[in-house]
Structure formats: C-alpha cells, structure tokens
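In what follows, a structure is listed as structure tokens, so that the remarks can point back to it.
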Amino acid sequence: MKIVKKAIIPAAGLGTRFLPATKAMPKEMLPIVDRPTIEYIVEEAILSGIEDIIIVTGKGKRAIEDHFDRNFELEQHLKEKGKLDLLEKVNKSSNVNIHYIRQKEPKGLGHAIWCARKFIGNEPFAVLLGDDIVQANVPCTKQLIAQYEQTGSSIIGVQHVSYEETERYGIIDPINNKDRVYRVRKFIEKPKLGSAPSNLAIMGRYVLTPEIFTFLECQEAGAGGEIQLTDAIQKLNEIQQVYAYNFDGKRFDVGEKLGFILTTIEFALHNEELASDVRKMLQRFQNNSSKSTLLEGIH
Ligand code: UTP
C-alpha cells in the first residue's frame with residue numbers, strides 16, 4: 001500500500017462571507033490571535049507526517065505565498081534586535097515543502113482539488129480545508145491516515161452537528177459502524193432541511209485515493225452551482241468503498257464570522273500572554289453587561 005505523504009490545501013475560494021475584508025486579503029490569512037488560519041492547518045499536516053503540501057491559490061492570494069516564504073530582511077532585523085522567539089515563530093513552517101497551483105476561476109472545491117492532480121499523481125493524498133482548524137491530541141489528519149493504512153480505502157472525517165445545521169454541510173448516509181468508522185451508503189452535499197439521512201457532517205478533512213480524479217474530471221456543478229468534491233466522492237463510493245471516520249477533536253469553523261470570533265476568543269483564553277486579561281474582560285462584561293465595554297479596566 002502506498003503511504004500518504006502529500007496533502008492539498010484548497011485556498012482559492014472568494015471568502016464572500018467575510019467581504020469586504022477578503023476583497024484584497026485571503027480569508028485563509030485572517031489571524032486567529034497572532035497566526036494566520038492557514039498556518040494552523042499547515043502545522044496539522046506537518047504533525048501528521050505530510051512531506052509535500054500543495055496549496056491551491058487564486059487571484060488575490062499572493063499573501064499566502066509570501067507568508068510561507070523566507071523574509072531575510074525581517075529575519076536580520078529580528079536577529080539584530082535579539083528577538084529570537086519571534087524569529088522562531090516567523091520560520092515555523094519552513095521545514096515542509098510547500099508548492100502552489102492556481103485555480104483560475106473559483107468553480108468549487110471539487111475543481112480546486114482537480115487542479116492539483118498532476119502534483120498528486122497516482123498516490124493517496126490528504127485534503128485539509130483552508131478554513132477549518134481542528135485541535136486534537138492526535139492531529140486529525142494523522143487519525144485519518146491511520147485509518148487509511150488499515151483498509152487502503154478513502155476515508156472522510158465527520159462529526160455530529162445539529163439537524164438544523166445539516167443543510168450547510170456534506171452529510172453521510174451511514175450503513176453501519178465499527179467503533180468510529182462508518183461504511184457509507186451515500187454522500188450528499190447540502191441536503192435540504194429535513195431531508196438529511198443523518199447528522200454526521202463532513203468536516204474539511206479527507207484522505208482520498210487517486211481514483212477520485214477520474215470522477216472530478218467530468219464532475220458537473222452541483223449544490224450552489226459549484227463543482228462539489230462530495231459529489232465526486234459519492235461516485236467513487238459506487239466503485240470503491242469510501243469510509244467515514246468520526247474523528248476525535250474539536251473543530252473550529254473559521255470560514256464564517258461567528259465561528260471566527262468564537263475561535264479567536266477560545267484561542268486567546270489558551271494563550272499564555274493573553275489568557276488572564278481576556279478572562280477578566282469577559283467576566284467583567286458578563287457581570288455588568290449593560291454598562292461595560294470589553295475594554296474597560298484591563299490595564
Ligand atoms: P468555502 O466554500 O468555505 O470557501 O470553501 P469560500 O467559497 O471561499 O467562502 P464563501 O462561502 O464565499 O464565504 C472551503 C475551502 O475550499 C476553498 C476555499 O478557499 C476554502 O478554503 N475553495 C472553495 C477553493 O479553493 N476553490 C473554490 O472554488 C471554492
């Protein structure tokens with residue numbers, strides 16, 4: 001069985017839910033505390049044993065390439081000022097090979113993955129969406145790779161959501177499960193409210209066999225007029241069993257405003273430098289929300 005050493009991070013979407021912020025700034029570069037979202041995702045890939053990452057970018061996404069490039073002037077400046085902790089942070093992701101390909105038009109996630117087909121070749125690969133962060137003791141992608149290594153089949157990360165939320169996700173119709181692994185009858189992208197066969201939702205992490213490209217090649221637009229990865233996975237599932245895995249860990253949806261704000265607060269509450277002030281601030285606000293502003297009385 002071939003091992004999973006490559007990953008695709010699609011980051012070419014328009015980020016319309018964050019407009020106008022994302023008009024000139026990629027949504028994947030919006031910071032959670034002091035690191036851009038995509039850096040958390042690249043870190044998960046590295047910790048999962050991935051050696052080569054291809055980021056699918058598009059128009060207006062240059063900042064992503066600049067972020068993962070060396071910046072010698074900045075490095076020199078930090079060295080001269082003795083700011084070695086910052087220097088280490090700035091160079092954190094320099095141990096992995098990052099490649100880029102452009103999706104000329106944002107035709108959908110399925111199309112973005114298809115754009116990376118030549119880089120992947122005939123190997124299994126991971127996909128990590130550029131706007132989902134997962135915190136887990138064992139990195140989420142590593143959990144999926146471990147499952148892949150048992151069956152040699154594609155495996156899709158899922159978690160439970162409320163039934164009201166199912167219309168926002170790809171949803172699986174599970175046949176049966178063994179521990180956290182499900183055989184799947186059907187994968188359905190954004191089912192209409194009330195029609196979802198389960199509340200197990202696809203959460204932006206996949207390990208796929210290269211046969212998926214055969215289906216992406218001729219995949220027509222689906223939900224939202226976009227070429228959907230879920231639709232191609234369903235076709236793959238008809239010739240080659242695709243499994244779902246209810247991974248362990250907390251997933252943060254940073255691709256929409258409320259999720260982004262909640263993630264920022266939660267990460268700040270776990271940040272050594274900020275935790276105490278942020279906790280004080282929230283406490284004060286909760287005790288007297290009618291009069292307080294968040295900024296009152298911290299320093
Ligand atoms: P989303 O649908 O969440 O991202 O795609 P979006 O389209 O940028 O956001 P909104 O809905 O307009 O606010 C999930 C991931 O897939 C990438 C996105 O960049 C995001 O990381 N994507 C999406 C592509 O790379 N290409 C596409 O054509 C669509």
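This one's a predicted model, so the numbers in the text were calculated from it and none came from an experiment. In this chain, numbering begins with 1 at the start of the sequence shown. In each ligand, atom 1 is the first atom listed, and ligand 1 is the first ligand listed.
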Checking the N or O distance criterion of under 3.5 Å, is ligand 1 in contact with [X]?
X: Phe18; result: no
X: Gly13; result: yes
X: Glu105; result: no
X: Glu226; result: no
X: Leu14; result: yes

For [atom], the protein heavy atom that lies nearest, with its residue and separation:
atom: atom 25 (O) of ligand 1; value: Ala12 N, 2.8 Å
atom: atom 26 (N) of ligand 1; value: Gln103 OE1, 2.7 Å
atom: atom 2 (O) of ligand 1; value: Arg17 NH2, 4.1 Å
atom: atom 28 (O) of ligand 1; value: Gly108 N, 2.7 Å

Where ligand 1 meets [X] - atom numbers and elements under 4.0 angstrom, heavy-atom basis:
X: Lys27; answer: 1 (P), 3 (O), 4 (O), 6 (P), 8 (O), 9 (O)
X: Pro106; answer: 28 (O)
X: Gly130; answer: 21 (O)
X: Ala112; answer: 24 (C), 25 (O), 26 (N)

Given His111, Gln228, Lys235, the one that forms side-chain hydrogen bond (donor to acceptor under 3.5 Å, both in side chains) with Gln219
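It is Lys235; the other options fail the test.
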How does Glu28 reach ligand 1, by side chain, by backbone, by both or by neither, if only non-hydrogen atoms under 4.0 Å count?
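The part of Glu28 near ligand 1 is the side chain, not the backbone.
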Determine whether the side chain, the backbone, both or neither of Pro10 has a heavy atom under 4.0 Å from any heavy atom of ligand 1.
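Under 4.0 Å from ligand 1, Pro10 contributes backbone and side-chain atoms.
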Residue-ligand contact Leu109/ligand 1, heavy atom below 4.0 Å:
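Contact check Leu109 vs ligand 1: positive.
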May I ask whether Lys107 has any heavy atom positioned less than 4.0 angstrom from an atom of ligand 1?
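Heavy atoms of Lys107 do come under 4.0 Å of ligand 1.
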Is the number of heavy atoms from other residues, nucleotides or ligands under 6.0 Å of Lys190 NZ greater than 12?
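Enclosed: over 12 neighbouring heavy atoms sit under 6.0 Å from NZ of Lys190.
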For atom NZ of Lys83, is the number of surrounding heavy atoms from other residues, nucleotides or ligands below 6.0 Å larger than 12?
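Result for NZ/Lys83: open.
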Treating Asn97 as the side-chain partner and Asp52 as the backbone partner, does any N or O pair qualify as donor plus acceptor under 3.5 Å?
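No; judged by distance alone, with no hydrogens or angles, the pair does not exist.
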Taking Glu44 for its side chain and Thr141 for its backbone only, find out whether a donor-acceptor pair lies under 3.5 Å.
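A pair under 3.5 Å: yes.
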Which of parallel (below 30°), tilted (30 to 60°) and perpendicular (above 60°) describes Phe213 and Phe125?
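Aromatic pair Phe213/Phe125 classed parallel.
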Linked, directly or transitively: Ile188 and Ile156 (ILVMFWY side chains, under 4.5 Å):
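In one cluster: no.
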Is it the case that one hydrophobic cluster holds both Ile120 and Val4, taking links as side-chain heavy atoms less than 4.5 Å apart, direct or via other members?
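In one cluster: no.
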Looking only at heavy atoms, which two atoms of Phe260 and Leu30 are closest? And how far apart?
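Here Phe260 and Leu30 meet closest at CE1-CB, 3.8 Å.
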Which atom names give the shortest non-hydrogen contact between Val158 and Met203, and what distance separates them?
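Taking Val158 first and Met203 second, the nearest heavy atoms are C-CG, 4.2 Å.
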